[in-house]
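Because only heavy atoms are used, hydrogens play no part in the values below, and waters and symmetry mates are left out as well, while side chains stay in.
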Amino acid sequence: MPRLIFLASLLTVVSCGYVPQPCLDCICFVESNCRMPSSGPTGYEHCAWDVGSYSCGPYQIKEVYWIDARMYGGYLMGDWLTCTNNWGCSEDSVHAYMERYATRARLGTDPTCEHFSRIHNGGPNGHTNPNTLVYWNKVQDCLNRSLCCPAPPV
């Protein structure tokens with residue numbers, strides 16, 4: 001019996017999260033070529049100015065996105081800049097945001113990588129915004145060409 005408990009806990013640890021890993025990797029690739037810019041004294045060095053606010057980290061997460069993600073992701077390091085400067089927390093933020101907005105109840109169907117990509121790019125209703133199709137095409141190209149990101153540092 002102890003072996004079974006160990007195996008169950010191991011499987012929990014290896015879980016990829018809400019967004020399938022290839023989709024998550026391609027979102028990261030499109031956003032930043034999966035790079036974590038080094039952080040400096042202000043913390044904004046890993047950010048880019050985008051549509052009136054900063055987008056930060058390898059997934060280029062805005063503060064409002066991170067705040068929404070906390071509804072499902074919990075603490076998320078307690079601070080948007082700290083979180084987006086951390087690989088694990090950045091991924092957790094994307095998973096949590098999608099758990100909130102890319103749901104069967106909202107979409108009327110099981111979420112796909114297209115839903116995840118377009119919501120990541122265009123917000124909660126991004127999957128219905130035709131302007132997010134260009135972004136989805138980039139993610140889809142990444143998936144089709146098996147472009148991928150190097151594994152983040154542990």
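Residues passing the salt bridge (Lys or Arg N to Asp or Glu O under 4.0 Å) test with Lys138, sequence neighbours excluded: none. Listed by chain and number, the residues in a side chain to side chain donor-acceptor pair (under 3.5 Å) with Tyr59 are Glu91 (sequence neighbours excluded). In this view, Asp68 and Tyr97, Arg100, Tyr101 satisfy the side chain to side chain contact (heavy atoms under 4.5 Å, CB included) rule, not counting sequence neighbours. Take Thr112 and apply the side chain to side chain donor-acceptor pair (under 3.5 Å) test, not counting sequence neighbours, and it matches His115. Residues passing the side chain to side chain donor-acceptor pair (under 3.5 Å) test with Ser117: none are found, sequence neighbours excluded. Under the rule for a side chain to side chain contact (heavy atoms under 4.5 Å, CB included), the partners of Asn137 that lie at least two apart in sequence or sit in another chain are Gln140. Listed by chain and number, the residues in a side chain to side chain donor-acceptor pair (under 3.5 Å) with Tyr54 amount to none (sequence neighbours excluded). Shown here are the side chain to side chain contact (heavy atoms under 4.5 Å, CB included) partners of Thr103, two or more places apart in sequence or in another chain: Tyr18, Ala105, Arg106. In this structure, Asp79 has no salt bridge (Lys or Arg N to Asp or Glu O under 4.0 Å) partners at least two apart in sequence or on a different chain. Take Glu63 and apply the side chain to side chain contact (heavy atoms under 4.5 Å, CB included) test, not counting sequence neighbours, and it matches Ile67, Trp80.
Proximity of Gln60 to Asp50: side-chain heavy atoms (C-beta onward) are nowhere separated by under 4.5 Å. For the pair His127 and Thr132, the minimum side-chain heavy-atom distance is 4.5 Å or more. Here the side chains of Ile61 and Ser55 are not in contact, with every heavy-atom distance at 4.5 Å or above. Side-chain contact between Trp87 and Cys28: present, with at least one pair of heavy atoms (C-beta onward) separated by less than 4.5 Å. Using a 4.5 Å heavy-atom cutoff, the side chains of Cys47 and Leu81 are in contact. Looking at Cys34 and Pro58, their side chains never come closer than 4.5 Å, going by heavy atoms from C-beta outward. Side chains of Met71 and Glu99 form no contact here, defined as non-hydrogen atoms less than 4.5 Å apart.
Annotation: the span from Ser90 atom OG to Asn85 atom CG amounts to 8.0 Å, rounded to 0.5 Å. Within the model, atoms CD of Glu31 and SG of Cys56 stand 11.5 Å from one another, a figure rounded to the nearest 0.5 Å. Separating the CG atom in Asn121 from the CG atom in Asn129 is a distance of 8.5 Å, to the nearest 0.5 Å. Within the model, atoms CG of Leu76 and CH2 of Trp66 stand 6.5 Å from one another, a figure rounded to the nearest 0.5 Å.
Shown here for Asn86 and Gly88, the closest heavy-atom pair between the two residues is OD1-N, 3.0 Å. The shortest non-hydrogen separation linking Cys83 to Met77 is CA-SD, 4.0 Å.
In summary, the aromatic rings of His95 and Tyr72 are positioned with their centroids too far apart to meet the 6.0 Å limit.
Val134 and Phe29 fall into different hydrophobic clusters, defined by Ile, Leu, Val, Met, Phe, Trp and Tyr side-chain heavy atoms under 4.5 Å apart, directly or through other members.
For residues 95-131, every residue pair satisfying the disulfide (SG to SG under 2.5 Å) rule, not counting sequence neighbours, is listed here: Cys23-Cys113. For the salt bridge (charged side-chain N to carboxylate O under 4.0 Å, His left out) condition, the pairs that include at least one residue of residues 116-132, sequence neighbours left out, are Glu114-Arg118.
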